[in-house]
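First the structure, in the form of structure tokens, and then the observations on it.
Just so you know, these numbers use all the heavy atoms, side chains as well, and skip hydrogens, waters and symmetry mates.
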There are 2 protein chains.
Amino acid sequence: MSSKTTHNPVPFDCANCGKRHLSLFKDLTSEEVDELNNVKACTSFKKGQIMMSEGSRPNGVFCIHSGKAKLHRLGQNGKDQIIRFAVNGDLIGYRSLLSEEPLSATVEALEDVHACYIPKQVLFSFLEKNPKFSLNILRMACHELGEAGKLITDIAQKSVRERLAEVLLMLKAQFGLNEETGAIDITLTREEIANMVGTATESVIRLISEFKGDGLIEVKGRNITILDEAQLVRVGKVFD
Amino acid sequence: MSSKTTHNPVPFDCANCGKRHLSLFKDLTSEEVDELNNVKACTSFKKGQIMMSEGSRPNGVFCIHSGKAKLHRLGQNGKDQIIRFAVNGDLIGYRSLLSEEPLSATVEALEDVHACYIPKQVLFSFLEKNPKFSLNILRMACHELGEAGKLITDIAQKSVRERLAEVLLMLKAQFGLNEETGAIDITLTREEIANMVGTATESVIRLISEFKGDGLIEVKGRNITILDEAQLVRVGKVFD
DNA sequence: AGGTGAATGTGACGTTTGTCATGGTTTCTG
DNA sequence: CAGAAACCATGACAAACGTCACATTCACCT
């Protein structure tokens, strides 16, 4: 009996995994859960580690159990673009697997990540045997497709200032607030924010100062607190 | 026996529809094709007509038989953003149906369009009964998701000049060349091109003049011919 | 076929944004 | 805990781009 528990223990039994009911796997039969349990591999990654690399062809997917990861790709000018984040219960690599294309983004752990690796064959067998599961995946993919469309419109039409405001709101929506500090519960460098917005790091720094000056946000190092959300919504022209 | 045939007759029999084997419906059983045949409704739209409207909830999908349509959405500043085009065999509205969300884009006929309307119930019954069909849809959605990711990176990081070059190449790739003129086989106004690139119409006009001056393209009204593709690829930094 | 409204083209100008340079600060690592 | 490396910040400047105004041309409709 070890006296020390890890911070985020991965349950080795999928049947008891509290995350499953929230995830795409909620509609698996108990036999399928058993199968999943037998073949999945629990892994963990340290902050900064690469979980999957752009351009490679994965043989399975990761289901994130705890921790946060960023999906980013390298543009033609050497700049990184952060596409999205993956957290709790999110599936990683499924797009590439299902469209039979190389990975379109690199997945990097932003903090320590625990994740289960699910082999390609198992995923496909579920897809063939379980229409509900299939529909779950399809629904998710279609939802993400819609989100991507929104993003395209935003990036193409909005100014950097507007996009930054929107990104801050999005981060709050996705990661929530830190219990103690009330700040947005994710730590990103200015450069990473710039890579989300698609602008130069200096521009982000200047705009964050501006927002601070206007009383929209409060900044303590990498912790950002939203003070006037309504105004930030107006600045970012976020109306949906 | 009518003496006059329409330009693009829609075959009322799906079994004989030459487009089917290229489309997502290629893996339907003959029974399913019969079913499709019985319930589908052939419709046509004139140039400029709206086939589906952003924000509404469709009760089925269109499968395009001939003609071209554009999918566009209205940004927060009143500017249109063209998301993509739909042609030959493309399915329209499936994203919204499958993700159970309102349509994220308006579909407008760019020329006369013939299309088959397939009710929601039929589509879903195929999805449940035919895993191959399901996988086809899933594969397509995942592919489009990858394309969307690429687009996001491009728009976020590239200059307007680079994006315009890329758009021209994309149009050529998607629509091919006109047999007679050798120009890109689609007619778009400068404003529509601007709405693809995400920039002001004037900027597009100026850049098109520049490209013409540099010998990259030839312009006759709305017909654009690519003269130096290799150089255009370099200008657009298109390397994949 | 010809008029009319939309689309194209051009110039001037201001704003936004990117780039480069430099120095101070925080964070990480051994 | 100290040194190194990454990160943050600010200024100056240039380039890219958007906007407005107006002239011209084209495409579409009856």
Side-chain angles (χ1 to χ4, degrees), chain A residues 46-49 75-82 108-112 155-167 183 186-213 217-224 235-237, chain B residues 46-49 75-82 108-112 154-167 186-213 217-224 235-237:
Chain A
K46 295 207 173 138
K47 176 173 180 174
Q49 257 192 299
Q76 298 300 347
N77 37 21
K79 274 186 208 157
D80 254 354
Q81 179 69 31
I82 296 184
E108 183 179 336
L110 282 175
E111 41 189 67
D112 288 6
I155 297 183
Q157 298 189 346
K158 289 187 179 179
S159 68
V160 170
R161 184 191 179 80
E162 291 167 338
R163 281 186 264 158
L164 176 61
E166 195 169 16
V167 159
I186 188 173
T187 302
L188 296 171
T189 66
R190 303 288 193 267
E191 188 181 5
E192 282 172 322
I193 296 176
N195 290 345
M196 298 182 64
V197 175
T199 188
T201 308
E202 293 94 326
S203 297
V204 166
I205 290 171
R206 274 185 255 271
L207 285 168
I208 284 184
S209 291
E210 263 190 53
F211 285 179
K212 192 170 62 176
I217 59 174
E218 192 181 68
V219 180
K220 284 210 179 99
R222 286 177 195 165
N223 293 341
I224 297 177
V235 169
K237 294 185 182 161
Chain B
K46 295 210 172 133
K47 177 174 178 172
Q49 258 192 301
Q76 298 300 347
N77 38 21
K79 274 188 209 156
D80 254 353
Q81 179 69 32
I82 297 183
E108 183 180 336
L110 282 175
E111 42 190 64
D112 288 5
D154 280 354
I155 297 182
Q157 298 190 344
K158 287 187 179 179
S159 68
V160 170
R161 183 191 180 81
E162 290 167 338
R163 280 186 264 161
L164 176 60
E166 193 169 18
V167 159
I186 188 172
T187 302
L188 296 171
T189 66
R190 304 288 192 267
E191 188 181 4
E192 283 173 321
I193 296 177
N195 290 345
M196 298 183 64
V197 175
T199 187
T201 309
E202 293 94 326
S203 296
V204 166
I205 290 172
R206 273 184 253 269
L207 284 169
I208 284 183
S209 291
E210 263 189 56
F211 285 178
K212 191 170 63 177
I217 60 175
E218 192 181 65
V219 181
K220 285 210 178 101
R222 287 178 194 167
N223 293 342
I224 296 176
V235 169
K237 293 184 182 162

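Take the nearest nucleotide of DNA chain D for A200(B) and for E191(A): the residue whose nucleotide is more 5' is E191(A). Comparing G198(A) and G221(A) by the nucleotide of DNA chain C whose heavy atom lies nearest to each, the residue mapping closer to the 5' end is G198(A).
When rounded to the nearest whole Å, the span between CD of E210(A) and P of dT10(D) equals 12 Å. Distance, N77(B) CG to dT16(C) P: 15 Å, rounded to whole Å. Atom CG in N195(A) sits about 12 Å away from atom P in dG18(C), given to the nearest Å. Between the P atom of dT17(C) and the CD atom of E162(A) lies a distance of 8 Å, rounded to the nearest Å. With rounding to whole Å, L207(B) atom CG is found 13 Å from dA15(D) atom C1'. Counting to the nearest Å, the C1' atom of dT27(C) and the CD atom of E192(A) are 14 Å from each other. I193(B) places its CD1 atom 12 Å from the C1' atom of dA7(C), with the value rounded to the nearest Å. We find that CZ of R163(A) is positioned 8 Å from P of dT17(C), with the value rounded to whole Å.
With respect to E210(A) and R161(A), a salt bridge is recorded, a charged nitrogen being found less than 4.0 Å from a carboxylate O. A salt bridge links K237(B) with E162(B): the distance from a Lys NZ or Arg NE/NH1/NH2 to an Asp or Glu carboxylate oxygen falls below 4.0 Å.
Within the 4.5 Å cutoff, side-chain heavy atoms of E192(A) are placed close to those of L110(A). Considering only heavy atoms from C-beta on, R163(A) comes within 4.5 Å of I155(A) through its side chain.
Put simply, the side chain of E202(A) and the base of dC20(C) share a donor and an acceptor less than 3.5 Å apart. With hydrogens and angles left out, the side chain of R206(B) and the base of dG18(D) share no donor-acceptor pair within 3.5 Å.
At the phosphate of dC8(D), neither OP1 nor OP2 sits under 4.0 Å from any side-chain N or O atom of T201(A). For the pair S203(B) and dG18(D), the criterion of a side-chain N or O lying under 4.0 Å from OP1 or OP2 is met. For the OP1/OP2 pair of dT27(C) and a distance below 4.0 Å, the side-chain nitrogens and oxygens of R222(A) include no atom meeting the criterion. Contact annotation: R161(B) does not reach the phosphate of dA16(D) (side-chain N/O to OP1 or OP2, under 4.0 Å).
Nucleic acid contact for K79(A): sugar-phosphate only, since backbone atoms but no base atoms lie under 4.0 Å from a heavy atom of the residue. Among the protein residues, K47(B) comes within range of the sugar-phosphate backbone only, with heavy atoms under 4.0 Å from sugar or phosphate atoms but none that close to a base.
With K158(B) contributing its side chain and L164(B) its backbone, the two residues share no donor-acceptor pair below 3.5 Å.
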